Structures are given as C-alpha cells and as structure tokens.
Enquirer: 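Following this message is one structure expressed as structure tokens.
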Number of protein chains: 2
Amino acid sequence: MERKEISNAVIKRLPRYHRYLGELMESGVERISSNDLSEKMNVTASQIRQDLNNFGGFGQQGYGYNVEYLYNEIAKILGIDRQNNMIIIGGGNFGQALTNYSNFERRGFMIQALFDVSPDRIGKSVRGIKTLDMKNLEEFLSGHHIDIAVLTVPKSTAQEVADRLIACGIKAIWNFAHLDLKVPDDVVVENVHLSESLMQLSYRISEKRDKEGSGQNS
Amino acid sequence: MERKEISNAVIKRLPRYHRYLGELMESGVERISSNDLSEKMNVTASQIRQDLNNFGGFGQQGYGYNVEYLYNEIAKILGIDRQNNMIIIGGGNFGQALTNYSNFERRGFMIQALFDVSPDRIGKSVRGIKTLDMKNLEEFLSGHHIDIAVLTVPKSTAQEVADRLIACGIKAIWNFAHLDLKVPDDVVVENVHLSESLMQLSYRISEKRDKEGSGQNS
DNA sequence: TAGATTGTTAATCGATTAACAATC
DNA sequence: TAGATTGTTAATCGATTAACAATC
C-alpha cells in the first residue's frame, strides 16, 4: 500500500471525521453525503472529499458514503484498528490522570505500566496498573512490546528520559513535557503543550477585550 | 491599539517564541537576531520577522531583538501579563491534575475554585482550592470575576454545563471534553482533545510502518 | 433513464519564503 | 562609515474552494 505525502492539516482533521462518523453510527445513520456531513461539521464538502481522496475513493456517486464503512476505513488509516501498547513515564498528576482515564482503552490504547522514581509511588497500582521503578525501565522494555511512551515527567528530566526510551527502541512519544524533544528521524513525537494551549486562549480573550475597548467596528 | 486580523497559524507560534525567549533570558542572553533564533527553533528567520511584525516592530536594524523586551512584549500580546482567574468544572482525574499543576499559576492563571456534582468530592480541598457543589455555580459566579472556565466533565454533560457558564457571562472556555461545544460568537473556546492528539500519533506510527514495509524509497 | 453525488481538475486564496531597501 | 539586521514588499508554495465530468 503506497501513501503519498499527506499534509499535517489533513491528518489533524481525520480524528474529527472519525468522531462525527461514530456519532452518526450511534444515531443509526447509514449513509451520508459530503454535503450533509460538511454542514454538521462546519467545513466545506469539497474539503471532506479532498481529504478522503488522499486515501482512496470511499464513496459512491449518487449515493454518498456508507457511514460504518467510512468509520472503519478511517480507523484503519489512523491505525486505531489494532492494539497500541503504552507505558506512562511519570506518575504525577497527569500520569495518574491519564492512567485512570479508561477511554483510551476503548480505542485500543492499552497502558501496560506506569514508571516513577519516587519510592512513595513505586509498587502502588492505579486501576490495576503497576507503578514500576524507573530503574527497571530498560529491563521492562526488553521484555515487552511497547508502541508508545507517554512522557509526563518534569521538563528538567524529559530529554534524558526520552533518550533512554529511544535507546530501548521506542519509536513514538506522546510528550506532555513543556519542551521540544530532540529525537532521531525515525522517532515520532506528538506534543501536548497545555500551557501553550492556555496561552492561545488567553490571546483570544485579549483580542476580544481590545476590539470591544475600541468601539467594535465590524 | 488596533489589531489587524491575525491568522491562527501565527497565534499558535507565539507561545513557542515566548518559551524560547524565556530560556534565552535564563541563560543570560541579552540580544538575538531572527537568524540565530530561527536556527534554535527550526523555523525560518523570515517567518519570525513576519510573525512579530504583525504586532509591531520590536527589533532594531543591525542589532536584532532585545530578548527581555521581546519576551515581555509577547507576554502582553498573549495577555499573560495580567492575572487570569479560572474555575475548573469537573473534579475527576483531569480536573484534579490541572488543579494540582501549579505551573499555571506562575503564568498568572489562578484557579479560584473547583466544581463537582459528587458528594464524595464536594467540600474537599485540592492544594487549598475548595471543591464546591455544582449547584452553587451560578451563585459563585455572581460574586467572583472569572475569566476562564475549564471544562473537564464527561462529554454527556459538557454542553449543558457550557450553557450554564455562558448564561452566567463566562466568555472563555478551555474545553477538555471530547465534543465541539456550541457557543455564541462572543465566547471563545480552546479545545484540548487528547484522544485526537493520540490518534494523530497513531497515524504517524502507521505511516512509518507502511513505509518500512514497502522498502523505504526516499 | 434522471437525479444525485462522488472523484478530480482547475481556480483561488492564504501562508511561507525570499529578497532587498531602509536604517541602526 | 561599514556591517549587520530589521521591516516590508514581492515571489513562491501549498492548502482550500469551486466547478464539473464521470458514474452509480
């Protein structure tokens, strides 16, 4: 199966298509046209058709798209039609919150272990998932197939931990630490920078405040 | 102060500039050229200059940018030069994790209260922040100035809660629930859709797997 | 068949990069 | 002054939208 280079903009939209299709399925909708979907999602029908046709022709002229079929195809494209094993590094607030958040499992993202350095946390279980000593990271990884490492450690140790993970063959990192990790080309990193998200919101608030202050001229 | 319409792409980059400038300050760097900064950040110097010039001329020909000055100016642009009061709705895993995460406070984002419906949680304090009964939301908001409401409730109640917040005059929502909130034009929403982020990572893993499978031709 | 709607090409729009005159 | 580097205009690139022929 050959893939042409897909733009980041398209990839970002795929999970949202998947979500809307899932909701349509739940409401018992069997087929949908790009036009109807575009109205629900507030995007153009053209964009939906362009996006999907990056991956193949999933629709049928005169009919539209079969909701369940398209839902499953997008799941395959996203790679969520299979199990993804994860470990979480950092048993602090976010590490524990992510471990407790069972929704990931419904999508096949299975948390296999939690790692921490603190003796207070090591040995304890969160939702049946053991907290292991960070010292045993390499040992654990040599015996388990892990697809994704989730990084919820402080900024100060994140790069060091990432290096250890990569040395063990980890190829995908979900990074919650507020820095840009340096990784080799064959390792993928997806960042969740909460404070940057919050600052963007703050910008929008300021923007609005300024507009209102200067007699809204629109 | 007039603002022309700033593209979303630019806004997303501002917090990252702010972060790098902060790090430069910490390492005692006083001035930096767009070219040097571009190398550090892995963007083009042209883009940095274009981005900044949306907001004004912060540099000086032949000199570059004063790091501390630019850092402070970007903070002003982002609206993080002032205090932003927040409440968190939903005292579950993420609500508690966000409450415990004291880093937001260092940027002026002050959590004033946590709200929940569960009797187990109501009345308890997290890091000195009280968990209040969701029933008293309206009462609380009538007596406190809150800039941002953080939504960490389940998808099923998120829209309903958002409606209540908006009815009380809340104009900014940081939404962790996995749905697209319907809000009036004057309310800003910033979404953190963790499962979508994870799916994007999963896509990148699949993409790589496919490439390797078909004899990497690059 | 006629109507609907896709898949796909062409046109437009916007964002990024390059170039360079202005100026510190 | 000469050198460096910005601010800004022009060129390029890429993404979105529009249009329509193909086809179910």
Side-chain angles (χ1 to χ4, degrees), chain A residues 1-17 20-21 24 29-74 77 200 203 207, chain B residues 1-17 20-21 24 29-74 77 200 203 207:
Chain A
M1 189 214 290
E2 276 190 45
R3 284 192 200 235
K4 58 174 154 173
E5 205 52 53
I6 306 294
S7 84
N8 205 37
V10 174
I11 298 163
K12 273 196 191 158
R13 285 191 291 265
L14 290 175
R16 191 154 175 267
Y17 292 137
Y20 273 83
L21 289 164
L24 286 168
V29 178
E30 278 185 14
R31 70 190 186 93
I32 193 155
S33 67
S34 56
N35 204 56
D36 288 355
L37 187 58
S38 78
E39 277 170 24
K40 276 195 192 297
M41 295 188 61
N42 244 326
V43 295
T44 64
S46 218
Q47 183 164 72
I48 294 176
R49 296 205 298 277
Q50 285 275 28
D51 283 353
L52 296 177
N53 277 90
N54 281 307
F55 303 100
F58 301 120
Q60 198 167 71
Q61 282 97 331
Y63 171 88
Y65 299 88
N66 178 287
V67 172
E68 189 173 354
Y69 173 70
L70 187 55
Y71 177 84
N72 289 326
E73 287 300 311
I74 293 179
I77 293 165
Q200 285 167 50
Y203 174 87
E207 185 181 42
Chain B
M1 190 214 290
E2 277 191 44
R3 284 193 199 235
K4 58 175 154 174
E5 205 52 54
I6 306 295
S7 84
N8 206 36
V10 174
I11 299 164
K12 273 195 191 157
R13 285 191 291 266
L14 290 176
R16 191 154 175 268
Y17 291 138
Y20 272 83
L21 288 164
L24 285 168
V29 179
E30 278 185 13
R31 70 191 186 94
I32 193 155
S33 68
S34 56
N35 203 56
D36 288 355
L37 187 57
S38 78
E39 277 170 25
K40 276 196 193 299
M41 296 187 62
N42 245 326
V43 295
T44 64
S46 218
Q47 183 164 73
I48 294 175
R49 295 204 299 276
Q50 285 276 27
D51 283 353
L52 296 178
N53 276 92
N54 282 307
F55 303 99
F58 301 120
Q60 198 168 72
Q61 281 97 333
Y63 172 88
Y65 299 88
N66 178 288
V67 172
E68 189 174 352
Y69 172 71
L70 187 55
Y71 177 83
N72 289 326
E73 287 301 310
I74 293 179
I77 293 165
Q200 285 167 50
Y203 173 86
E207 185 182 41

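A quick note: this is a predicted structure, and the numbers were derived from the prediction, not measured. Each chain gets a letter, A, B and so on, in the order the sequences are listed, and its residues count up from 1.
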Enquirer: Any side-chain heavy-atom pair from I6(B) and F55(B) closer than 4.5 angstrom?
Expert: yes

Enquirer: Can you name the nearest heavy-atom pair linking T44(B) to S38(B), along with the distance?
Expert: C-CB, 3.6 Å

Enquirer: Evaluate the side-chain contact (heavy atoms from CB on, under 4.5 Å) criterion for residues Y17(A) and I77(A): first the C-alpha distance (whole Å), next the side-chain angles of each, then the deciding distance (0.1 Å), finally the verdict.
Expert: CA-CA 12 Å; Y17(A) 292 137; I77(A) 293 165; over 6 Å; no

Enquirer: Please state how far atom CG in L37(B) lies from atom C1' in dA4(D), giving the value in whole angstrom units.
Expert: 17 Å

Enquirer: Are there runs of at least three consecutive Watson-Crick or G-U pairs touching DNA chain C, with each pair's two distances under 3.5 angstrom? Give them by first number.
Expert: C:3-24 with D:3-24

Enquirer: Which letters describe nucleotides 5-10 of chain D, given B = protein heavy atom under 4.0 Å from base, S = only from sugar-phosphate, - = neither?
Expert: BBBBBB

Enquirer: Between I6(B) (CD1) and dA15(C) (C1'), how many Å, whole number?
Expert: 13 Å

Enquirer: If you take all heavy atoms of E73(A) and F58(A), which pair is closest and at what distance?
Expert: OE1-CE2, 3.6 Å

Enquirer: Is it the case that the side chain of R13(B) and the backbone of Q47(B) share a donor-acceptor pair, with hydrogens and angles ignored and the cut-off at 3.5 Å?
Expert: no

Enquirer: What is the distance from CD of E5(A) to P of dC13(D), rounded to the nearest Å?
Expert: 17 Å

Enquirer: Using whole Å, what does the distance between atom C1' of nucleotide dG14(D) and atom CD of Q47(A) come to?
Expert: 13 Å

Enquirer: Hey, are the side chains of L70(A) and I32(A) touching, using non-hydrogen atoms and a 4.5 Å cut-off?
Expert: no

Enquirer: Would you list the pairs meeting salt bridge (charged side-chain N to carboxylate O under 4.0 Å, His left out) in which at least one residue belongs to residues 35-46 of chain B, sequence neighbours left out?
Expert: none

Enquirer: Return the value, rounded to whole Å, for the distance between atom CZ of R13(A) and atom C1' of dA15(D).
Expert: 8 Å

Enquirer: Go through the steps to decide whether Y65(A) and L37(A) satisfy the test side-chain contact (heavy atoms from CB on, under 4.5 Å), and finish with yes or no.
Expert: CA-CA 10 Å; Y65(A) 299 88; L37(A) 187 58; over 6 Å; no

